[in-house]
Amino acid sequence: MSTPSSNTETIVLGGGCFWCTEAVFDRVQGVMDVESGYSNGETVNPSYEQVCTGRTGHAEVVKLAFDPAQITLREVLEIFFVVHDPTTLNRQGNDVGTQYRSGIYYVDEAQKQIAEEVIREIEASKTYRAPVVTEVKPLANYSAAEAYHQDYFLNNPNQGYCAFVVGPKVEKFQKTFASRVKKA
C-alpha cells in the first residue's frame with residue numbers, strides 16, 4: 001500500500017466484519033491505507049475476544065486514509081453503501097451483534113454533513129426496501145485490531161469465510177465500481 005501523505009483525509013467505517021470492508025477498500029483507487037480496528041465502545045484497547053462478546057460497545061471498523069484529490073468522501077461512502085447492507089441493525093449476513101453494526105465515525109463536522117447528506121439521498125432514492133440504520137457519530141475510542149486481522153483476506157484468501165463471504169463482496173465492488181479499482 002501507498003504511504004499516506006499530508007494530503008490525506010481519514011474516516012472510520014463500520015460495515016460488519018472488518019475483513020470484508022478492509023478487503024474492498026484495499027482495492028479502491030485513492031485509498032492510501034486501510035487499518036482494521038475497533039471504535040466507539042467503552043473499553044480502552046479491547047481485544048478481539050472482548051469485542052466479540054458484544055459487551056465492550058465497540059464496532060468492528062476500518063480506518064481509511066484517502067487522498068481527496070483522487071477520491072472524495074462522497075465516493076468512498078457510495079462504495080461503502082453498496083458493499084454492505086446498511087438496513088440491518090447489528091448484523092451483516094450471519095454475523096450478529098452490536099460489533100457488526102453499520103456506522104460512519106467522522107473526525108470533523110464536514111464529514112458528518114456529507115455522511116448525513118448521502119444517507120438522506122439513499123433514503124429518498126428508495127434504493128433499499130428498509131430504512132438505513134447506519135449510525136453517524138464522532139469517532140471515539142479507536143484502537144487498531146490485532147496484527148493477524150490486518151490484510152486478512154490478502155493473507156487468507158482460501159479460508160472458508162474469506163472464500164464465501166469476503167470474496168463475493170470484493171467481486172461486487174470490482175464489478176460495480178470498475179473505474180475505481182486500483183491499477184495493479
Side-chain angles (χ1 to χ4, degrees), residues 1-37 39 59-88 92-93 95 100-108 110-128 132 134-136 139 142 144-145 149-157 161-184:
M1 265 191 269
S2 304
T3 304
S5 70
S6 59
N7 296 328
T8 61
E9 194 173 322
T10 300
I11 189 82
V12 174
L13 304 173
C17 174
F18 47 33
W19 296 344
C20 294
T21 315
E22 179 193 57
V24 167
F25 282 102
D26 271 343
R27 290 160 174 76
V28 175
Q29 181 182 340
V31 173
M32 312 309 283
D33 189 44
V34 184
E35 179 180 75
S36 290
S39 76
E60 284 193 18
V61 296
V62 292
K63 181 169 72 171
L64 306 179
F66 63 97
D67 180 349
Q70 294 183 51
I71 187 169
T72 66
L73 177 57
R74 171 176 283 282
E75 291 169 315
V76 166
L77 294 178
E78 287 169 357
I79 293 167
F80 173 67
F81 281 112
V82 167
V83 299
H84 88 292
D85 183 349
T87 68
T88 53
Q92 285 296 302
D95 294 329
Y100 301 115
R101 66 188 180 268
S102 176
I104 300 170
Y105 306 103
Y106 58 88
V107 297
D108 61 34
Q111 288 184 342
K112 176 185 179 189
Q113 290 176 359
I114 292 168
E116 290 174 342
E117 185 177 294
V118 169
I119 290 171
R120 279 193 301 274
E121 290 169 7
I122 290 169
E123 290 282 320
S125 74
K126 305 286 187 208
T127 300
Y128 297 100
V132 171
T134 304
E135 65 182 15
V136 178
L139 179 63
Y142 174 84
H149 288 298
Q150 308 304 326
D151 297 313
Y152 194 84
F153 180 67
L154 180 68
N155 295 323
N156 303 281
Y161 187 89
C162 289
F164 294 105
V165 179
V166 183
K169 287 183 184 254
V170 169
E171 288 175 24
K172 182 177 185 179
F173 157 69
Q174 291 173 322
K175 287 179 184 169
T176 307
F177 295 97
S179 66
R180 301 286 341 153
V181 177
K182 281 183 181 171
K183 310 292 185 263

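This is a predicted model, so every value here is computed, not measured.
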Side chain to side chain contact (heavy atoms under 4.5 Å, CB included) between F66 and D33: does it pass, once the steps are laid out? CA-CA 7 Å; F66 63 97; D33 189 44; over 6 Å; no
Roughly how far, to the nearest 0.5 Å, is the [atom2] atom of [Y] from the [atom1] atom of [X]?
X    : Y    : atom1 : atom2 : value
Y106 : I11  : OH    : CD1   : 10.0 Å
E171 : T176 : CD    : OG1   : 11.0 Å
Q70  : N7   : CD    : CG    : 10.5 Å
Q111 : L77  : CD    : CG    : 8.5 Å
L13  : F80  : CG    : CZ    : 5.0 Å
T72  : D67  : OG1   : CG    : 11.5 Å

Closest non-hydrogen atom pair, [X] against [Y]:
X    : Y    : value
Q92  : G16  : CG-CA, 3.4 Å
V34  : E22  : CG1-CG, 3.6 Å
F81  : T134 : CE2-OG1, 3.4 Å
A145 : Q150 : O-NE2, 3.1 Å
C162 : P168 : O-CD, 4.5 Å
G14  : Y105 : N-CE1, 4.2 Å

Would R101 and E60 satisfy salt bridge (Lys or Arg N to Asp or Glu O under 4.0 Å), going step by step from the backbone distance to the final call? CA-CA 8 Å; R101 66 188 180 268; E60 284 193 18; over 6 Å; no
Are side-chain heavy atoms of [X] and [Y] found at a separation under 4.5 Å?
X    : Y    : result
D151 : D26  : yes
Q29  : V181 : no
V165 : C20  : yes

Can a side-chain donor-acceptor contact be found between H84 and T21 if the only test is distance below 3.5 angstrom? no
Please check if any side-chain donor atom of Y142 sits under 3.5 Å from a side-chain acceptor atom of E35, or the reverse.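 Per modelled atom types, Y142 and E35 side chains form a pair under 3.5 Å.
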Any ion pair linking R180 and E78 (charged N to carboxylate O, less than 4.0 Å)?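 A salt bridge is absent here (no side-chain N lies under 4.0 Å from a carboxylate O).
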Determine the interplanar angle of the Y152 and W19 rings, folded into 0 to 90°, and report it as parallel if under 30°, tilted if 30 to 60°, perpendicular if over 60°. parallel
Going through the checks in order, is the salt bridge (Lys or Arg N to Asp or Glu O under 4.0 Å) test met by E121 and R74? CA-CA 11 Å; E121 290 169 7; R74 171 176 283 282; 2.8 Å; yes
Side chain to side chain contact (heavy atoms under 4.5 Å, CB included) between Y128 and I122, worked out: CA-CA 8 Å; Y128 297 100; I122 290 169; 3.7 Å; yes
Test item: [X] side-chain N/O and [Y] main-chain N/O as donor-acceptor pair under 3.5 Å:
X    : Y   : value
K169 : V83 : yes
K172 : V82 : yes
K63  : S36 : no

Side chain to side chain contact (heavy atoms under 4.5 Å, CB included) between V28 and F177, worked out: CA-CA 9 Å; V28 175; F177 295 97; over 6 Å; no
Verdict with supporting geometry, C17 and Y161, side chain to side chain contact (heavy atoms under 4.5 Å, CB included): CA-CA 10 Å; C17 174; Y161 187 89; 3.3 Å; yes
